[in-house]
Structure formats: C-alpha cells, structure tokens
Peer 1: 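Handing you this structure, nothing more for now.
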Amino acid sequence: MRTLLAALAVTTMLIGPSQAAGIYPLDRATILAGSPFDFKAEFAGTVKPEDVRVTVNGQDYKGVFGKDVEFVASEKGKDDKDLGSAVLLRGLTLSVPGSYKVEVSAGGQSRSVTWDVFGTAATPKAKNIIFLLGDGLTVANRTGARIMSKGMTEGKANGRLAMDDLDHMAFIGTSSTDAIATDSANTMSAYMTGHKTAVNALGVYADRTPASLDDPRVETIAEALRRTGKKSIGVVSTAEIEDATPAAVVSHTRKRADKAEIVGMFYDVKPEIILGGGSAYFLPKSTTGSKRKDDKDYIQLFKDAGYTLATDKDSLAAASGTNTGKILGLFHTGNMDVALDRNLLKKGTVGKFPNQPGLVDMTKTALDQLSKNPEGFFLMVEAASIDKMSHAQDGERSLYETIEFDKAVGAAREFAKTHPDTLIVVTGDHTHSMSVIGTIDDSKPGTDMREKVGIYAEAGFTNYEDKDGDGYPDKIDPSKRLAVVYGNYPDHYETFSPKLDGPYEPAIQNEKKEYVANPAYKDVPGAVFVQGNIPRNNDSTAHAVDDIVLQATGPGAEGFKGYLEESDVYRVLADAFALGASGAQKAQMQ
Ligand SMILES: [Zn+2]
C-alpha cells in the first residue's frame, strides 16, 4: 500500500496539475554555450498571457534569457483547428555553462525541463575536422567490404580497410525524439547540432503546428563556425545535395522533403565547397527538369557569389585548378550513380550522366581547396548510397559503395599525414538489418540457388579478384561470392545473384498502393518468393535501430569512447574546435 501511494505521489509530481503540451528544447537537451536556439512552450488549450509564468532555476526568466517571450494566443492546426496558446523566444543564447531548470506554468498547467548548457575547451584541439558519414553504415558493410576488397586466407583478412586503423571508437545510439527508430534527417541533425529531434526533422525541434519552416530552431555546426570564426566549410555527398544528410549541415525544417527551401539554406550559409547531385532543385521552374516551383536560379546566384561551377569529372578537375576557394559541383539532377555502375557495369543512369566524379575525386578536391584557408575547415563527406542500396536489398552495390567510402577515408588519412591538426571521424547515421552470413557457390550442383548458400564450414572463402589492385573486385559476380541478407523487407524475389542490369528494385506498387514482389525477377533461374515482414506500404528495407560504430583519429578523438548518443558526438566536435569558448568569453565581457 505504501509503495502504491509513493508511486502515485511520484506520478503526480511528474505530471503536475496538468501538463503543458511541450517545451523546446526538450528535457535533457545539451546546448552549446553561446549557441543561439529558439525556446518554445506550448499549452494545452488557451491560457491568458498574464497567467503565464516562466522561471529558470527558480527565478523569473527575463533575468536569464534577457528578452521577453512572445505570446501566441492560439496556434492553428490543420483545418484551422485551435491547438492552444504558446510562448516563443527566438534566437536565445545562454553563455554560461551549467544546468538550467526551466519551469513553465499557466492556467493550472505546468511543466519543467532541465537543459545542460555545456562549454568547451578554451583553445581548439584541432584545426580541421573531416566528418565522413557512411549513410546506413552497418557492421556488415565493414566486414563485407573488407572481404570483397582485400580477401581472406585461413580466417585472417588479407588486408585492412582505411577505417580499420582509426584509434578511437564508440558505439552510437541513433534513436529519434519520437521513436526508437530513425531516419537520416534526425540522426545527422543530432550530429550537426547536438540536439536529437524527430524523424524527418533537420535543425529544429518538431513542434505541434503543421508548418514545416516555423519550428523551434537550433544552431547547426556550419552556423556555429560562421558565428565563431573564419573556417571554411565543405559539404560533399553522392546523394542530392538537398538530401537529409548533407542538408543537416545547414538546414532548419521539420520536413526533409522541403528540398527547394534547403537549397536556399545552403545559399544562406554558403559552404565554400558544395559537391554532389541534385541540380534539379537549383534550376528555375522554367528550365526543363527543374523541381523548383519558383523562378529562382540558384546556379546563377552561386556563380554571382563567386562560385566556380562544375558539372562533371573534367570540370571538377578544372575547377580544382582555379583556386577560387569556392566550388559548386552538381553532377546529376538527382542522386549520383553508385560506384559499381559508374566504374564497372555502366548501368543505372550512367548513360545519361557518363562522366560523374566519384566520392574520392570529390573528397580530394574538397580537401585541396579547403586546406588553402589558414584558419582551417570543417568538411562533411557522405557516402549516401551505402544506405540507398541497402534499402533496395542490393548487398553488392552497398558493399561496393562501402569500398569507395573507405577510399575516401584513405584520402582523409593521407591528408592528415601532412596536416596532423586534423580530426577524422568515420561513422554512419543509422544501421540497416544487413548481415553477411556466408557465401553463394555457383559450382554446387543443381539449379536450386538456395542450396548453393554456404553457411558455417560450408561457406569456405570467396573468390573475388582484384588484379588491377584498385581495391575494387574486378567482377561483382565471381562463382563464389558473399551471401548478404537483410532482416526486414517487403515481398520480393530472392535471386541469390548480383543485379548486373542496374540496382535491384525488389518491390513495386500495385493498384491497392501496396508493395508487392517485382515480377521482373520472378523468372531469374533459382529465384524464390520471400514473404515480406514489414507493413505492405513500404517499398524497401527499413533502417535498423541497432547501434552505429564510430571511429576517429586525430586531436580530440579521445572524446569518442563507450556509448554515446548522436547528440553527444556534436559535443566532441564542438570541443575539438573550442566552439563554446567564444560564448563563455562573451559572457565574461558582458
Ligand atoms: Zn535510409
């Protein structure tokens, strides 16, 4: 009985008389000292402005926040529905590190959150950071890429990946504020802002109003760098440059699909180096192929701002020679083709965009240009299609992308040899349910492909060859190859063989808007039908909730250890650059 009463007392304490709908930043938010963010409190139903009370560590908020909150009598939801009152304060900064308990009450509702405002080292540990992100980089990607690229003899790898020799490591939790599961928006946003957020959100907390561009903002690393110093910024991706991961370096929106607006956000921040796909969102709607709904010509705007434009491998090489320091490289209207298609098979859209640079070309050009700034730089490099090919259950393409990613890591390590003041971080944003389970051996008798899967001792070893020594297997379909499987999927046909005609499309939509097995693979010899195990409105494999492995080397890398939340990673980056030092200094000066 006593226990029950105690439990009830605790519950009442937590919820209070009646809970306000939400306070942003959320409870347990970690906030870089001196970094601007928006404060918002939402009430359930309408309240009177004179009843609103906001305290910070028990005192009236104005003394700490230094500004008055704006009162919103009633926020509107879908179909003009009243959502309730709110208070909002944009661009708040807290310069003094410490614990801030913020309590908000009005009309019988109350709620509190506690924020951890953190400072950083007073002086930078690193001059440069190269943040290499393998989208969806699962442990199986590392294992598979190592075997495919280097081979294995008697159980020992015949060589090491560039990412195998980074000396610090951590397990990273990837969950979002609204689910244990996650997407590339909220995950990368946590890395780039230090704040976890909701699925599909970038650089904002997801509030209750439907508009995607008005949500409470937090500062991105690019903005922090612009605010605190003169470092250069580079964003490189094999995806559309407006895709969630590269967008997270600069963007603020509840909806990662706001790609036209995200281009504008790139323009606001103007990273010196922008290389990737996605030109369709840079072109005015009057241009064929444009995906904009307005007449803004961002290619012209960037050119007017001093950028050299590159549109293929050759013009990128030419731009590298110009030393303008600013390059906008857009090599595809959408996502760039994957390395397997670009290098070997010439499938996908390679016919249409035959001269795309690879991730390594882009990384080297970015490093060459950015390192001309004596103040240093932050470079984000994303291998986007490790994830995109895993979504399609195209294990071979995902692994081949991982090899390319690893070569970009190699380029970063090569750079760090002559620039030891460089912190290199190699990680993924979330995992996939990918596993390497053994081999597939075509030499086994019969036509039943399932019986050619070798597990345990039957797996033996693969026979990929790399005669030209470029690190990529010369053939993706040797007679004994990796068996790669996924743990969740739509209905599909398992063919047990690499897709030589272009990326795998396991499921297609039927009249009922459900995804069903793509009949194109039905008659592949030995193919078997696999019943899906996720809801039928999903076209592809979903992300896994499993931890990501992060590896790092260079000054500041010692901060990566044990288990960290993605938002904690920002803290290590901010510390390496001493981004909280100027905030603290500012506080002293005031
Ligand atoms: Zn994904």
Side-chain angles (χ1 to χ4, degrees), residues 131-142 144-145 172-176 178-192 196-202 237-249 251 253 255-259 262 276-278 334-339 348 359 380-402 404-405 427-435 484-490 492 503-507 515 532-535 537-550 566:
F131 191 92
L132 297 117
L133 192 290
D135 203 300
L137 184 75
T138 303
V139 170
N141 283 108
R142 295 167 181 254
I172 309 293
T174 66
S175 296
S176 58
D178 53 347
I180 59 168
T182 215
D183 81 320
S184 290
N186 74 81
T187 53
M188 188 60 169
S189 188
Y191 281 151
M192 295 294 104
K196 284 208 169 197
T197 186
V199 172
N200 293 326
L202 293 163
S237 176
T238 50
E240 294 177 316
I241 206 72
E242 318 82 12
D243 201 16
T245 303
V249 182
S251 303
T253 169
K255 245 175 46 202
R256 58 184 284 179
D258 286 338
K259 292 183 180 177
I262 287 169
N335 296 317
M336 293 172 70
D337 281 289
V338 298
L359 190 67
M380 194 293 291
V381 175
E382 184 204 20
S385 292
I386 294 174
D387 169 76
K388 294 186 194 303
M389 292 299 109
S390 270
H391 276 294
Q393 291 165 255
D394 197 324
E396 281 81 11
R397 280 183 174 75
S398 182
L399 293 180
Y400 205 99
E401 288 299 281
T402 311
E404 185 181 55
F405 176 62
T427 188
D429 52 349
H430 58 74
T431 48
H432 269 278
S433 61
M434 177 200 231
S435 270
V484 179
V485 298
Y486 290 86
N488 76 84
Y489 34 74
H492 66 282
Y504 185 31
E505 199 190 336
Y515 283 89
N533 59 6
I534 50 174
N537 62 350
N538 288 280
D539 64 340
S540 73
T541 290
H543 299 162
V545 181
D546 313 351
D547 292 352
I548 272 283
V549 174
L550 177 151
E566 274 176 332

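Any value given below was found using the heavy atoms of this structure, including those in side chains, with hydrogens, waters and symmetry copies removed. Just so you know, ligand 1 is whichever comes first in the structure, and atom 1 is the first atom listed for that ligand. Along the sequence shown, the residues carry numbers beginning at 1.
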Peer 1: Does His432 bring an N, O or S atom to within less than 2.8 Å of the Zn ion (ligand 1)?
Peer 2: no
Peer 1: Taking atom types as modelled, find out whether Ser176 and Asp183 have a side-chain donor-acceptor pair closer than 3.5 angstrom.
Peer 2: no
Peer 1: Can you give the angle Asp387 OD2 - the Zn ion (ligand 1) - His391 NE2, rounded to 10°?
Peer 2: 100°
Peer 1: May I ask you to check whether His430 brings an N, O or S atom to under 2.8 Å from the Zn ion (ligand 1)?
Peer 2: no
Peer 1: Please say which of Asp135, Leu202, Thr174 ends up in a side chain to side chain contact (heavy atoms under 4.5 Å, CB included) with Ser184.
Peer 2: Asp135
Peer 1: For the Zn ion (ligand 1), find the closest N/O/S atom belonging to His543 and write down its atom name.
Peer 2: NE2
Peer 1: Given 3.5 Å as the limit, does a donor-acceptor pair link the side chain of Asp429 with the main chain of Ser189, or not?
Peer 2: no
Peer 1: For the Zn ion (ligand 1), decide whether Asp135 has an N, O or S atom at a distance under 2.8 Å.
Peer 2: no
Peer 1: Verify the distance criterion only: is there a donor paired with an acceptor across the side chains of Ser390 and Ser398 at less than 3.5 Å?
Peer 2: yes
Peer 1: Please answer whether the main-chain N or O of Glu240 pairs with a side-chain N or O of Asp243 as donor and acceptor at a distance below 3.5 Å.
Peer 2: no
